[in-house]
Asker: 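Dropping a structure here in C-alpha cells format, bear with me for questions.
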Amino acid sequence: MRLYKVHHRLSHFSSSCCCLLHPFSLGNARFPSSTLRSFRHLRTDSTNLFKPAMSAFRFNRLVPVNSSLAEDGSTAGNGSANASLTFAEDDDESVIGVKYRVPPPEIRDIVDAPPLPALSFSPLRDKILFLKRRSLPPLAELARPEEKLAGLRIDGKCNTRSRMSFYTGIGIHPLMPDGSLGPETEVSGLPDGVKINFVTWSNDGKHLTFSVRFEEEESSSSKLRVWVADVETGMARPLFQSPDIYLNAVFDNYVWVDNSTLLVCTIPLSRGDPPKKPLVPSGPKIQSNDQNTIVQVRTFQDLLKDEYDEDLFDYYATSQLVLASLDGTVKEVGSPAVYTSLDPSPDEKYILISSIHRPYSFIVPCGRFPKKVDLWTADGNFVRELCDLPLAEDIPIASNSVRSGMRSLNWRADKPSTLYWAETQDGGDAKVEVSPRDIVYTQPAEPQEGEEPEILHKLDLRYGGISWCDDSLALVYESWYKTRRTRTWVISPGSKDVSPRILFDRSSEDVYSDPGSPMLRRTSTGSYVIAKLRKENDNATYLLLNGNGATPEGDIPFLDLLDINTSSKERIWESDKEKYYESFVALLSDQKEGDIHINDLKILTSKESKTENTQYYIQSWPDKKLCQITNFRHPYPQLASLQKEMIRYERKDGVRLTATLYLPPGYDPLKDGPLPCLVWSYPGEFKSKDAAGQVRGSPNEFAGIGPTSALLWLARRFAILSGPTIPIIGEGDEEANDRYVEQLVASAEAAVEEVIRRGVAHPNKIAVGGHSYGAFMTANLLAHAPDLFCCGIARSGAYNRTLTPFGFQNEDRTLWEATNTYVEMSPFMSANRIKKPILLIHGEEDNNLGTLTMQSDRFFNALKGHGALCRLVILPFESHGYSARESIMHVLWETDRWLQKHCVSNTSEVSADIGKNKDGEGKEVTDIENKAVAASGGGGAELADDIESGQFYSKTRSLM
C-alpha cells in the first residue's frame, strides 16, 4: 500500500494501511469483518462486505467500537457545552424540550472521562503515532450549515463531508530495539487550535501529510490545507506555498505517488461563488418511466431533487488534480472533474483515476452515478480509458445483486502494474441462475496491441476479492448470502496448467469452523501480499492463519501455520483461556523481502481482561518474549470491579442462546437481592439453529463503555443483559422474517426467565431497549410480549415497514411479495397493543436508510392515539447516531429518568406465566386480520452498502 492515512468522521471506522489502534476495547460490540474495509486512509463509513480472509489482522481489535459509538467517532470523552446553551439541573417532568439536561454525576463522570489517543504504526514498524483526540463536540458544530446532495452531506465552508471530527495533535514515538517506546516528539509548527485530519505516512515512513483547518473566523477561511511533517524532527509546514490552494475532501483527497510527490484533489482556482437557487422554478419537477423499466430502490435519503441540486453537487464535488512535490513544485494535471478515487500502481508508474459524471439521478445516490475509470501515468498523462459504466438505477434489491460491467478494479499487489477486476455474468441480478456467475480478469496496465484480458478464474458464487502472493499462489474468495456459503480457492496465477482447487468451503455462519484469515506482509513497493513462512530444514510452504477461535466456551484467538499443499495445520500461538483475552493485531516482521523464518516472527498483540483495559504488546519468536508498549489508564475506574459473565440458556424450541450479564461492583445477589435490569440487544438472522446457538465473543473481553452505552447504568446499580442472542432463523427455503415476531418473543422470554432464575433481576423491573433495528425489536416486544418488560427505550428506529416497501435489513422481498410479513413485523400496526411505557428518541437529521425521523413521529402519534404512555424526544441536528455533548447528556438524562420512574419504581405485577399475555393469549403471531396496507415512499434498510450509500474510497492496497 502506498499510503498510510488516518482520519475520523462520523460514527464508524474502517481500517487503513496504517495500523490504527484505539486504546481500549468496547465490550463485545466489535466490528464484524464484513463491515470493515482497508483503504489508504481511515474512513468512517459503514457497511460494505470485506472478506475476512483478506484481512492482514483482526480489525475489530484495532478499532474496537461500541454499538452506541458517538457519531463523530469518539468514545467516552469530556466536552464543553456550547456557551449559548444551558443545561438544566432540575427534574421538572412537566417541561418537555425546554432545556438540555444532564444525567446524574455517576453517569456523567464516566462520559466526561478524557479520551485516550489512537495509535498508528509506521510502514517500517519503527515508529508509532499517538493521535490525540478531542472530547465530545458541542452542538454548535453539528449546527453548521450542510448541503444534502446525492446521498452525501457536505460542509460547504470546509468543502468536505460535514460533521467531521479531528485530531488535536500528533506525537511520534520511536520503537526501541527492546520493543519499548522511546520519548515522544510532538509534531510542531502548527498554529494554535488546529484541527487535523487525513493523517498519512509516506511509503518510506519519513514524512507525514495531513489536512489542517482552524476555528472559523469571519476574516479567514475554514477550508482544509495540506501540511507535511518530517518524522525525525516533527517539524511541520504547508505543502503548498500558495495560500490559495485548498483541499477538496468530498471524495478521495490525496495520495503519495512516490516518496516525494503527492497527487492532491484541490478546489479549482477558477471556481467562483456557489450557484444561487432560483427564487421561481422554471417548471415542475417531473420523473417518468416511459420504458416500463423495473426500478426498485430502497429508501435512500439526501438525494438530488432538481437541476439546482445537480449544479450545487458539481460545484462542491469537482476537483482539480495537482501533483505537488515536497520541494514546492506544483503542476496541475487533467481537467476539473468529480474525481472519486486515486490509486497509484505498486511500481509508481501509473495511477487509476475514478470519476463520476452526468447524467445524475434523483432516485439513487452518487455511488450509482455513471462511473469512469481511466489509467494515467504517474506524471499525469492520460493512457487509456478502462471503463465508463452507465447510470445504475436498476440494481435489483436481492442480496448479492451488483452493478453490471467491470467492478472491483484493482492493482495486483504482487506485480509492478497489472490490473484485475470482476465482471458479472448474470447482469448483476442475484435471482438469475447462471454458471459461471462472475469471471475474474487480469491485464497489464498497457497491453500489447490486440491483447485481450486474460480470464483468471470463474466463480459460481459472488466474487469477494483476492489475496495475492506470487505467480504460484493467490487466494480467491466467493460467497452467497442466501445460503451463507463461502469458498476460498487456491489458484496459481502464473501457471495455466495448474487447476484451481478449493481450500475452504463452509458456512459463513459457522464460526466454530472458521479456519482464520491469511496474514499479509509488506513488500518493498509498499503493497501487501500473503506472508509465507518457512522452518529450518523444511521445504514446505506455510501460510499464517489468524482466527477468532470461536468455541462453546468463547473466542480463543489463534495463529496457525497452514501447509498450503497438504492443508495440515500447526498452532503456534493462542490466547490465554482463563483470565485474559489476547488477540493478534498485526504482523511486524515483514521489513525484509521473501519468506519469513519462523524464528524471526514478530507480532503485535493486545491483552485485556474483564476488569483490565486493553494494552498492546510486541511478541517475538522463538522464545515468544512479550514487551508491553502501552500503559493506558483505566477509562472508568469507578467501574473497574464490575462483574461480567457470559451466560448460556435455551429457547423453548431448543435453540441455545448466549448473552453477557453485567452486574455492578460489589453486588452480591444473596445479600442485595434482585436488581432492576436493562436488556439491550439487536436481532440477527441465521439459516440454521446450530449456527444461531454458537457462542460469539469472549467472557474475558474488557467491558467497554461508550457515551450512550447501556453499561452506564451499572453505575446506577442496574443489572445489564447485553446483546442477548435474538436469532431470527429461516431454515431451508423458509424466510426468517415470516416468523419474526414468534422467534423474537421466544428469545426474549428465554432471556427474562434466565435472569429471574439467577436471582439477579427483579421480575417486575426488567426494561428493554435498543438502537436502530434494536429499537424496532423493542417496540415489537412491548406489543407482542406485554408482560415481559416494564418499559422500553427505542432509539432511532423504523416502526412501519410499509414505508420501506422495497426491502429492509436483509429482507429482499418487496411489500407486495410479502404483505403479511411486512404488516406483522411492523409495531406501528400493533400500536393499539402497546400498554407499557415507551421512550422514543430520534435524531432530527437521521440519514440512515429506512430510519427516517418521521418513523418515530408517526409511531408516537399512533401510540398517543391509543392512549399509550409514551414520550418522543427529537434531537436537533443529530443524525442516526448521536454525537454532540448536549445531545448525549440529554439522551442519558431521558433514559435514566425513564428507568427510574418506570423500572426502578415499578410496582405492577407480571403474570406468573410469562408465556401468556394478560389476555391469556398465546404468543403465536396471527395475520393481524389481514389488514390492508397503504404503501408510501421508497424502500429502505437499516444498513446500506457503500455503493448504495454513495460512498467512495480508494482501492485496497494494504491492510497495515
Side-chain angles (χ1 to χ4, degrees), residues 24-32 60-61 64-69 110 511 548-557 575 577-581 583 608-614 635-636 639-651 655-665 667 669 674-684 692-706 708-727 747-748 750-761 766-771 774 777-778:
F24 56 88
S25 165
L26 297 181
N28 293 327
R30 302 181 300 159
F31 267 135
N60 48 34
R61 307 309 308 157
V65 296
N66 184 275
S67 56
S68 299
L69 190 66
I110 296 174
V511 294
N548 283 335
T551 73
E553 290 72 42
D555 289 355
I556 305 173
S575 170
K577 303 176 184 178
E578 302 303 323
K579 179 181 178 181
Y580 290 100
Y581 177 82
S583 180
E608 63 198 79
S609 73
K610 298 176 184 179
T611 57
E612 299 173 45
N613 53 304
T614 305
Y636 23 87
L639 292 179
S641 58
L642 62 79
Q643 303 173 52
K644 175 187 176 183
E645 181 183 0
M646 186 174 284
I647 63 175
R648 296 280 280 157
Y649 50 97
E650 190 170 295
R651 204 166 73 176
V655 177
R656 295 281 292 168
L657 305 178
T658 307
T660 304
L661 177 63
Y662 295 90
L663 298 171
Y667 170 72
L675 298 171
C677 178
L678 175 57
V679 178
W680 199 270
S681 193
Y682 191 99
Q694 291 182 351
V695 176
R696 294 162 174 83
S698 168
N700 295 326
E701 286 181 280
F702 180 66
I705 303 178
T708 55
S709 170
L711 299 187
L712 289 166
W713 275 269
L714 290 169
R716 299 285 277 167
R717 306 298 293 177
F718 269 71
I720 307 296
L721 193 66
S722 176
T725 310
I726 307 290
S747 297
V752 168
E753 287 176 348
E754 181 63 17
V755 292
I756 293 175
R757 183 191 69 80
R758 288 172 170 263
V760 298
I766 302 177
V768 63
H771 186 92
M777 169 205 75
T778 297

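A quick note: this is a predicted structure, and the numbers were derived from the prediction, not measured. Only heavy atoms go into these numbers, but all of them, side chains included; no hydrogens, no water, no symmetry mates.
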Asker: Can you give me the closest heavy-atom contact between L678 and G769, atom names plus distance?
Answerer: CD1-N, 4.3 Å
Asker: Quick one: pull up OH in Y581 and CD in E612 and give me the separation to the nearest 0.5 Å.
Answerer: 16.0 Å
Asker: Identify the two heavy atoms, one from A710 and one from I720, that lie closest to each other, and give their separation to 0.1 Å.
Answerer: O-CD1, 3.5 Å
Asker: Taking the side chain as C-beta and beyond, is there a heavy-atom pair between Y649 and E753 under 4.5 Å?
Answerer: no
Asker: With side chains defined as the heavy atoms from C-beta onward, is the minimum distance between I110 and L639 less than 4.5 Å?
Answerer: yes
Asker: Give the intermediate values and the outcome of side chain to side chain contact (heavy atoms under 4.5 Å, CB included) for residues E645 and L663.
Answerer: CA-CA 9 Å; E645 181 183 0; L663 298 171; over 6 Å; no
Asker: Taking K610 for the side chain and K644 for the main chain, is one N or O donor matched with an acceptor at less than 3.5 Å?
Answerer: yes
Asker: Assess whether side chain to side chain contact (heavy atoms under 4.5 Å, CB included) is satisfied between L721 and I647, documenting all intermediate values.
Answerer: CA-CA 10 Å; L721 193 66; I647 63 175; 3.8 Å; yes
Asker: Please examine the side chains of S609 and Y580, heavy atoms only from C-beta on, and report whether any two atoms are closer than 4.5 Å.
Answerer: yes
Asker: What distance separates R648 CZ from T725 OG1, expressed to the nearest 0.5 Å?
Answerer: 7.5 Å
Asker: What closest approach, in Å, do T611 and S641 show between heavy atoms, and which atom pair accounts for it?
Answerer: CG2-CA, 4.3 Å
Asker: Might you work through the side chain to side chain contact (heavy atoms under 4.5 Å, CB included) test for N548 and V511, ending with a clear yes or no?
Answerer: CA-CA 8 Å; N548 283 335; V511 294; over 6 Å; no
Asker: Does Y662 reach the main-chain N or O of L714 with its side chain, forming a donor-acceptor pair under 3.5 Å?
Answerer: no
Asker: Locate the shortest heavy-atom distance separating M777 from S681; write the atom from each residue and the value.
Answerer: CE-O, 3.7 Å
Asker: Is the shortest heavy-atom distance from the side chain of E754 to the side chain of P724 under 4.5 Å?
Answerer: no
Asker: Considering residues at least two apart in sequence or located in another chain, which fulfil the side chain to side chain contact (heavy atoms under 4.5 Å, CB included) criterion with E650?
Answerer: R656
Asker: Can you name the nearest heavy-atom pair linking V655 to P727, along with the distance?
Answerer: CG1-CG, 4.3 Å
Asker: Within the structure provided, determine whether E701 and T660 are in side-chain contact (heavy-atom separation under 4.5 Å).
Answerer: no
Asker: Check each of M646, Q694, R696 against T658 using the side-chain contact (heavy atoms from CB on, under 4.5 Å) test, and report the only one that passes.
Answerer: M646
Asker: To the closest 0.5 Å, what do you measure between CZ (F718) and CD1 (I766)?
Answerer: 11.5 Å
Asker: Under a 4.5 Å cut-off applied to non-hydrogen side-chain atoms, are L657 and S747 in contact?
Answerer: yes
Asker: On a heavy-atom basis, which atom in S709 and which in G704 lie closest, and how many Å separate them?
Answerer: OG-O, 4.4 Å
Asker: Hey, are the side chains of S575 and I556 touching, using non-hydrogen atoms and a 4.5 Å cut-off?
Answerer: yes
Asker: Before you tell me yes or no, could you show the steps for V679 and V755 under side chain to side chain contact (heavy atoms under 4.5 Å, CB included), namely the whole-Å CA-CA distance, both residues' side-chain angles and the distance that decides it to 0.1 Å?
Answerer: CA-CA 10 Å; V679 178; V755 292; 5.8 Å; no
Asker: Is it true that a side-chain atom of N700 and a backbone atom of E578 form a donor plus acceptor pair closer than 3.5 Å?
Answerer: yes
